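Only a predicted model underlies this, so the values are computations on that prediction, with no experimental measurement involved. We number each residue from 1, following the sequence as shown.
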Amino acid sequence: KKVDDERINWSLEKAQLESKVKRLEESVATHEKLQKDLVQRIKMLEFALNKKGVGSVNAGKGLQRSRDQRGLNVRRRVGWKTLPTYLPKGLLTPDKIRAIVDDLMESKKIMSGRVDEQPSSQGGLASSGGDDSVMQPCDDEVGQDTKKEDALKVEADSEAQSKVVGSGSFGETEGEHKKLREIDVKKSELKNFQPMTLLRSHLDGVRSISFHPKSPLLFSGSEDGTAKLWDMERLVRKKKASKKQEPVYTFRGHTAMITSTAASEKMLFSGSVDGKVLCYGYPSDGQHQYTAYGTCFPFTLNTFQHSEAVWSLCVSNKKVFAACADGTVSMWQANLDDQKEPTKTYTTTLDAKELIPTSVRVNVDESQLLVSYTSGHVGVFDINTGKQITLIESATGSHAMGLSSHPFLDIAVTANVDCSYQLFDPKQGKCVEIKQNAHTDAVTSVSIDSNGVAMATASHDQSIRIWDIRKLTVSVDMDPNQHRKKYDEAIHCVAHHPRHPLLASGGADSVVKVFMA
């Protein structure tokens, strides 16, 4: 009888817990649905406000904008606040959602107030009617009130430096940023890449791709734990690729997915979640991609072991730099010597917390190391001494997923989760320019062509875009569906060849897509 009573009590308690769990699951589902609806509404509001505040409007027939009007337009553009829609869904609490909505409403009131405050009587500005109308100056006002124009410009400049707008620079253009704007490359000279071939040998998403510094060789690393070497010689020579191209060789040795690759003239490198960086030699001509039984890794020359996952690799002057999830960037000698510890390590802290690196590159003269972090910061280190020179703060504080350095200027570009990319000047130690809403989803990778003007960005929205980095404008908007999606991921990486007119991208669909100009 006692056992029966306990069984009955246990059954009742189980039924109560099951009903409670069911209610909680329904509540969670309701909250997620509400959160999704709010996020969509916020994005719609952001689009509408940007359209109203930044978009061009009809100025009327036969009338031209005066100098005062141009100053007013600048003031109106910089008045908008950047909307934090880049927050991950899990972090959008009700308080943050209310704050975003309040921010939207406040911006709308400020902008509507600015329009209403403009006088419409003589000596002022006359409106042509409607919310989207442009203020037109009276005939007797042209050429007058230059002091007001200067005041508007000064105010606009100060606001632009303190607030992040849809796209633009912060303050005056100077230093390396000024040299970037002055690069003399005509728009007609920018390469228009066309898809040439698909490389389909990987079994899972392609996380990283690298090109040989001189030869048309492509090195790809995948989530299936293998790295493959591809020969693009026939594509470059005949501008025609075979329909089904096989890799030259498949490198094995990792026990987890490969997250990064790098290539030098004599060696190949791959980094993985297993914490290893493997160094490979190039296969000899005519080497068969399938080796004999008992020779598992015939081209593995060296192994560098880390305590945690390796997220990014970079090779320079016979040195290998590895960005690791333990918060360090390690420097190893790219040779066959047995190395138990790295030659140098580079770390940085912010508010007593160690920042986690996401990508690593060297600057143009290969004397400094550039590191991007999950906080959005970009660290600049002296390669020889290992000391940190500066830590540059991001304009938005968004997670930096990729980093690229300019081929002949001291400029760095980061790809960010908030759908933007940002330009940094290490010499000035600041973010000099930002392009928001560059894609409709997270920007995952960025690569600058050897001409120093064309820049390719890849995103999880399945698109690749070629930008004129001088003006932050799209020069080539490629087919929006370059790679198929797997879950919420699409394109992981994009890279230019330093010498040949090749562009390649790797996606979550396990395909490497090669383009040619």
Checking side-chain polar atoms at under 3.5 Å, does Gln482 have a donor or acceptor matched by the opposite partner on Lys513?
yes
Hey, are Asp410 and Lys179 close enough for a salt bridge, meaning a charged N less than 4.0 Å from a carboxylate O?
no
Does atom CD (Glu26) have a neighbourhood of more than 12 heavy atoms from anything else shown, all under 6.0 Å?
yes
My understanding is that only residues two or more places apart in sequence, or in another chain, count here; which of them pass side chain to side chain contact (heavy atoms under 4.5 Å, CB included) with Thr345?
Ser330, Pro342
Step by step, would you call Thr473 with Asp468 a side chain to side chain donor-acceptor pair (under 3.5 Å)?
CA-CA 5 Å; Thr473 56; Asp468 186 338; 4.8 Å; no
Go through it in stages, so that I can follow the logic: the residues are His306 and Trp311, the test is ring pair (Phe, Tyr, Trp, His ring centres under 6.0 Å), and I'd like the CA-CA distance, side-chain angles, deciding distance and then a yes or no.
CA-CA 11 Å; His306 299 79; Trp311 295 127; over 10 Å; no
Without swapping roles, check the side chain of Gln245 against the backbone of Asp231 for a donor-acceptor pair under 3.5 Å.
yes
Quick one: side chain to side chain donor-acceptor pair (under 3.5 Å) partners of Thr259, sequence neighbours excluded?
none
Quick check: do Tyr282 and Leu217 have side-chain heavy atoms less than 4.5 Å from each other?
yes
Would Thr396 and Gln436 satisfy side-chain contact (heavy atoms from CB on, under 4.5 Å), going step by step from the backbone distance to the final call?
CA-CA 10 Å; Thr396 60; Gln436 289 193 320; 3.6 Å; yes
For residues Ala334 and Met267, report the shortest heavy-atom separation together with the two atoms involved.
O-SD, 3.8 Å
Does Tyr421 have its ring centroid less than 6.0 Å away from the ring centroid of Trp467?
yes
May I ask you to say whether Glu433 pairs ionically with Arg181, meaning some side-chain N is under 4.0 Å from a carboxylate O?
yes
Does Asp449 have any salt bridge (charged side-chain N to carboxylate O under 4.0 Å, His left out) partners at least two apart in sequence or in another chain, and if so, which?
Lys191
Side chain to side chain donor-acceptor pair (under 3.5 Å) with His497: which residues, sequence neighbours excluded?
none
So, are Asp274 and Lys276 salt-bridged, with charged N and O less than 4.0 Å apart?
no
Separation between CG of Leu370 and CD1 of Ile411, rounded to the nearest 0.5 Å:
10.5 Å
Check salt bridge (charged side-chain N to carboxylate O under 4.0 Å, His left out) between Glu233 and all other residues, then give those that pass, not counting sequence neighbours.
Arg237
For Glu265, which residues count as a side chain to side chain contact (heavy atoms under 4.5 Å, CB included) partner, sequence neighbours excluded?
His212, Pro213, Lys214
Hey, are Trp230 and Ser220 close enough side-chain-wise for a donor-acceptor pair under 3.5 Å?
yes
Ser270-Thr261 side chain donor-acceptor pair, cut-off 3.5 Å:
no
When you look at Ile209 and Cys493, which way does the side-chain contact (heavy atoms from CB on, under 4.5 Å) test go after all the steps?
CA-CA 7 Å; Ile209 50 177; Cys493 50; 3.7 Å; yes
More than 12 heavy atoms of other residues, nucleotides or ligands under 6.0 Å from NZ of Lys427: is that the case?
no
Not counting sequence neighbours, which residues clear side chain to side chain contact (heavy atoms under 4.5 Å, CB included) with Asn335? List them please.
Gln333, Asp337, Gln339
Could you report the tightest heavy-atom contact between Gly452 and Ile183, atom names first, then the distance?
O-CD1, 3.7 Å
Between the CE atom in Met401 and the OG1 atom in Thr358, the distance rounded to the nearest 0.5 Å is 8.5 Å
What are the two closest heavy atoms between Asp326 and Ser307, and how far apart are they?
OD2-OG, 3.0 Å
Kindly state each residue pair satisfying side-chain hydrogen bond (donor to acceptor under 3.5 Å, both in side chains) with at least one member in residues 378-388, sequence neighbours excluded.
Thr348-Gln388, Asp382-Thr385
Gln462 side chain to His483 backbone, donor-acceptor under 3.5 Å:
yes
Is Ser405 close to Asn363 at the side-chain level, that is, under 4.5 Å between some pair of heavy atoms?
no
Any pair counted as ring pair (Phe, Tyr, Trp, His ring centres under 6.0 Å), so long as it reaches residues 381-419, sequence neighbours left out:
Tyr346-Phe381, His406-Phe408
Any side-chain donor paired with an acceptor under 3.5 Å for Ser459 and Asp441?
no
Do we see a donor-acceptor contact under 3.5 Å between the side chains of His177 and Asp425?
no
Do Thr343 side-chain atoms and Trp332 backbone N/O form a donor-acceptor pair below 3.5 Å?
no
Any residue meeting salt bridge (charged side-chain N to carboxylate O under 4.0 Å, His left out) with Asp37, in chain and number order, not counting sequence neighbours
Arg41
Taking all non-hydrogen atoms of both residues into account, name the closest pair between His439 and Ser463 and its distance.
ND1-OG, 2.9 Å
Considering all heavy atoms, the nearest Cys431-Ala395 contact:
SG-CB, 4.0 Å
4.5 Å side-chain heavy-atom contact, Leu278 and Phe269:
no
Listed by chain and number, what are the salt bridge (charged side-chain N to carboxylate O under 4.0 Å, His left out) partners of Glu489, not counting sequence neighbours?
Arg207
Any donor-acceptor pair under 3.5 Å linking the side chain of Ser398 with the backbone of Asp418?
yes
Measure the acute angle between the ring planes of Tyr280 and Phe251, then classify it against the limits of 30° and 60° as parallel, tilted or perpendicular.
tilted
All side chain to side chain contact (heavy atoms under 4.5 Å, CB included) counterparts of Glu32, not counting sequence neighbours:
Val28
Between Glu223 and Lys486, does at least one N-O distance fall below 4.0 Å, as a salt bridge requires?
yes
Go through Ser394 and Gln422 one step at a time and tell me if the side chain to side chain donor-acceptor pair (under 3.5 Å) criterion holds.
CA-CA 8 Å; Ser394 168; Gln422 302 179 31; 3.1 Å; yes
Do the side chains of Ile389 and Gln368 get nearer than 4.5 Å, heavy atoms only?
yes
Side chains of Leu199 and Val511: closer than 4.5 Å at any heavy-atom pair?
no
Over all atoms of both residues, closest heavy-atom pair of Phe321 and Val329
CB-CG1, 4.5 Å
Below 4.5 Å, heavy atoms only, C-beta onward: do Ser201 and Pro247 meet side chain to side chain?
yes
Yes or no on ring pair (Phe, Tyr, Trp, His ring centres under 6.0 Å) for His496 and Phe193, after CA distance, side-chain angles and deciding distance?
CA-CA 11 Å; His496 284 96; Phe193 290 93; 5.7 Å; yes
Any donor and acceptor pair, going by atom type alone, linking the side chain of Thr444 with main-chain N or O of Ile491 inside 3.5 Å?
yes
Can you tell me how far apart NZ (Lys471) and CG (Leu180) are? Round to the nearest 0.5 Å.
12.0 Å
Side chain of His492, backbone of Val206: donor and acceptor closer than 3.5 Å?
no
